[in-house]
Amino acid sequence: MMSARQILPSSRPVISPSLLSSDFARLAEEISAVEEGGADLLHVDVMDGHFVPNLTIGLPVIRAINKYASKPLDVHLMITNAEQYLQEYKDAGADILTVHQEACTHLHRTLTAIRDLGMAAGVSINPATPVSTLSEIIRECDLVLVMSVNPGFGGQSFIEHTHSKLRELRSLIAESGSSAVIEVDGGVTKDNAAAIVDSGADVLVSGSAIFGADNYRDYINAMKGVQ
Ligand code: DX5
Ligand code: ZN
């Protein structure tokens, strides 16, 4: 079993650029550029046009990404029936596999199956989903992904209420003895990164901000607070 703590570097914050905002026609070059620029993970957004109102990429593209990636793949499934495809995502190269609390009826079973396949098990909650919905399965989570926008699209604005959810999640993790790390996804930029880390985030996902920057390294360094 591979916990998120074994996959993540020890320094904070961990940066996971969302490839959704990269140039898909030059994906291999974009992967190298963010890896050389200091990315710790590569965030891959899978959308099914059903759980979220958008379609992105799936298994064949993840296999292709995995051929060129050196950093671990942080796969965010925004799909229903995720439990049917866990082995396929493992085979495609996922290191962290995150499912949505709102899209999984038998969440305990799904998280356990992800761990049994040797991946770190993540669960994500939408902005409208309370942290308390995780209280019974927090020990089965290696990572909790707090959505700070409504999932479906890059380039949206960070929802400020996320800060109080992060503090509540931090307490839940500490009280339960879970070793889960906290990831935040949506509207994260160099300007709000430090405050998000202060509220409890370990991992920052960022798509449009990093891939929209002139220099990926400078931008990632700014997110990490490195001058
Ligand atoms: C949204 C995705 C995000 C998205 C973030 O549903 O889960 O990973 O790519 O993009 P930005 O950083 O542009 O908000
Ligand atoms: Zn995502």
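When a residue number appears, it is its place in the shown sequence, counting from 1. Both ligands and their constituent atoms are indexed starting at 1 by order of listing.
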Determine whether the side chains of S18 and D45 contain a donor N or O and an acceptor N or O closer than 3.5 Å.
yes
Is a donor on one side and an acceptor on the other found under 3.5 Å between the side chain of D95 and the backbone of L73?
yes
Using the rule salt bridge (Lys or Arg N to Asp or Glu O under 4.0 Å), only one of D202, D198, D40 pairs with R12; which is it?
D202
Same cluster for V46 and Y85 if Ile/Leu/Val/Met/Phe/Trp/Tyr side chains link at under 4.5 Å?
yes
Parallel, tilted or perpendicular, as decided by the 30° and 60° cut-offs, for the rings of H76 and H100:
parallel
Is there a path from V61 to V52 through hydrophobic residues (I, L, V, M, F, W, Y) whose side chains come within less than 4.5 Å of each other?
yes
Within a radius of less than 6.0 Å around CZ of F24, do more than 12 heavy atoms belonging to other residues, nucleotides or ligands occur?
yes
Counting no waters, what protein N/O/S atoms lie under 2.8 Å from the Zn ion (ligand 2)?
H43 NE2, D45 OD1, H76 ND1, D185 OD2
Under 3.5 Å side-chain donor-acceptor pair for S16 and D74
yes
Qualifying residue, where the test is side chain to side chain contact (heavy atoms under 4.5 Å, CB included) with V123 and the options are L145, L134, L143, T98:
L134
Hey, which residues fall under 4.0 Å of ligand 1 on heavy atoms?
S18, L20, H43, D45, M47, H76, M78, M147, P151, G152, F153, G154, G155, D185, G186, G187, V205, S206, G207, S208
